[in-house]
Amino acid sequence: MSRVCVDSGFLIGLYDERDSYHRLAEQHFSTYIGPRVNQLLVPWPILYESVSTRMVSRGSRVALLEKDWKRLEAERRLVMLDDREFRQNAMEECLAEAWKTPARYRALSLTDRVLRSLLSEIRVDVFITFNEEDFADVCRRRGQTLVGKQSGDSLSHGS
């Protein structure tokens, strides 16, 4: 069973038919999560970004999310990742980043920093994001397959 972790851009694209990555997100879902053998890993901070006012303003989007998630839950393939142990350190990194010179400054959100820490600590086989540049180094270091914007293209970092 592959463990597939996702970023908020993927979930937003998947459930917002007007998003520029909608079709690609549907393809990635079908390829990586649809097969009955894979687990979907969703970090809590990703949900805060994805299940936003924009998403809930259209009930059809929430209905699609609920349908997919109820099926995955029934099949025991949905795992919600607790970020509690990574929050404080990620916040400290954000604050410390402000003191770096512009050449060394890396503009990563608190959510992205928490997600990078999770990817560094837990077993993930595939990571789906439309923000590859923010996570490529972590995935490469951990041997995780990074799936991104290029349709059908995965940047395999596994050995």
Side-chain angles (χ1 to χ4, degrees), residues 1-17 19-52 54-56 61-91 93-94 106 108-159:
M1 172 185 302
S2 289
R3 293 169 49 97
V4 181
C5 187
V6 297
D7 193 8
S8 56
F10 167 77
L11 289 179
I12 293 166
L14 184 61
Y15 297 109
D16 183 349
E17 68 284 349
D19 189 89
S20 60
Y21 294 114
H22 179 67
R23 292 224 184 274
L24 183 57
E26 286 182 320
Q27 289 172 357
H28 289 338
F29 184 87
S30 178
T31 300
Y32 295 98
I33 301 160
R36 293 190 173 266
V37 297
N38 294 338
Q39 239 180 4
L40 173 61
L41 309 177
V42 182
W44 274 103
I46 299 315
L47 289 176
Y48 298 132
E49 287 186 338
S50 306
V51 185
S52 63
R54 180 178 170 175
M55 178 186 269
V56 301
R61 294 175 185 153
V62 178
L64 286 173
L65 178 122
E66 180 183 32
K67 179 183 149 224
D68 286 339
W69 287 32
K70 285 201 180 284
R71 179 178 56 88
L72 290 168
E73 283 178 327
E75 296 168 357
R76 297 177 171 242
R77 296 191 306 125
L78 179 63
V79 177
M80 307 304 293
L81 298 175
D82 186 358
D83 66 318
R84 197 170 315 153
E85 69 180 271
F86 304 104
R87 293 177 196 161
Q88 185 64 39
N89 190 46
M91 185 63 191
E93 284 180 14
C94 278
R106 187 157 187 201
L108 292 171
S109 70
L110 180 60
T111 298
D112 287 349
R113 289 178 188 279
V114 168
L115 186 50
R116 287 172 55 84
S117 294
L118 279 164
L119 289 170
S120 294
E121 296 293 325
I122 65 167
R123 185 185 139 230
V124 171
D125 301 303
V126 176
F127 179 58
I128 303 174
T129 183
F130 297 138
N131 236 355
E132 301 96 326
E133 59 279 354
D134 289 346
F135 302 99
D137 60 324
V138 174
C139 291
R140 187 180 314 98
R141 191 168 51 251
R142 296 276 297 171
Q144 298 158 335
T145 298
L146 179 64
V147 175
K149 295 175 196 164
Q150 301 302 314
S151 180
D153 182 34
S154 67
L155 307 168
S156 181
H157 296 296
S159 39

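No experiment lies behind these values; they were computed from the predicted model shown.
Between the side chain of E17 and the backbone N or O of H22, no donor-acceptor pair lies under 3.5 Å. Looking only at distances, no side-chain donor or acceptor of R113 sits under 3.5 Å from a matching main-chain atom of N89. Looking at S30, its side chain never comes within 3.5 Å of a backbone N or O of E26 through a donor-acceptor pair. Of the possible polar contacts, one joining the R116 side chain to the D134 backbone as a donor-acceptor pair under 3.5 Å is found. For the pair T129 (side chain) and N131 (backbone), a donor-acceptor distance under 3.5 Å is present. Counting only distance, with no hydrogens or angles, the side chain of H28 and the backbone of G148 share a donor-acceptor pair below 3.5 Å. Between the side chain of R3 and the backbone N or O of N38 there is no donor-acceptor pair closer than 3.5 Å.
Between V42 and L47, some side-chain heavy-atom pair lies under the 4.5 Å cut-off. Residues I12 and F130 are not in side-chain contact: their nearest non-hydrogen atoms beyond the backbone lie 4.5 Å or more apart. Taking 4.5 Å as the limit, some side-chain heavy atom of T111 sits within range of a side-chain heavy atom of I46. A 4.5 Å side-chain heavy-atom check between L40 and W69 finds at least one atom pair inside the cut-off. Looking only at side-chain heavy atoms (C-beta outward), R141 and S120 come within less than 4.5 Å of each other. With contacts defined as side-chain heavy-atom distances shorter than 4.5 Å, the pair L64/E66 does not qualify. Residues F10 and F29 meet the side-chain proximity criterion, which asks for heavy atoms closer than 4.5 Å.
Taking the side chain to side chain donor-acceptor pair (under 3.5 Å) definition, one finds that R54 meets it with D16, sequence neighbours left out.
Between F135 and F127, the ring-plane angle classifies as perpendicular under the 30° and 60° cut-offs.
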Working for side-chain contact (heavy atoms from CB on, under 4.5 Å), residues L115 and C5: CA-CA 10 Å; L115 186 50; C5 187; 4.2 Å; yes
Check against salt bridge (charged side-chain N to carboxylate O under 4.0 Å, His left out), R106 and D137: CA-CA 13 Å; R106 187 157 187 201; D137 60 324; 3.6 Å; yes
side-chain contact (heavy atoms from CB on, under 4.5 Å) between Q144 and L119, intermediate numbers included: CA-CA 9 Å; Q144 298 158 335; L119 289 170; 4.1 Å; yes
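The number of heavy-atom neighbours closer than 6.0 Å to CZ of R76, taken from other residues, nucleotides and ligands shown, is 12 or below. The number of heavy-atom neighbours closer than 6.0 Å to CH2 of W44, taken from other residues, nucleotides and ligands shown, is 12 or below. In this structure, R123 places its CZ atom where more than 12 heavy-atom neighbours from other residues, nucleotides or ligands lie under 6.0 Å away. A 6.0 Å sphere centred on CZ of R71 holds more than 12 heavy atoms belonging to other residues, nucleotides or ligands.
Exactly one residue among V62, V51, D68 makes a side-chain contact (heavy atoms from CB on, under 4.5 Å) with Y15. That residue is D68.
The minimum heavy-atom distance between A25 and L14, with the atom names listed, is CB-N, 3.4 Å.
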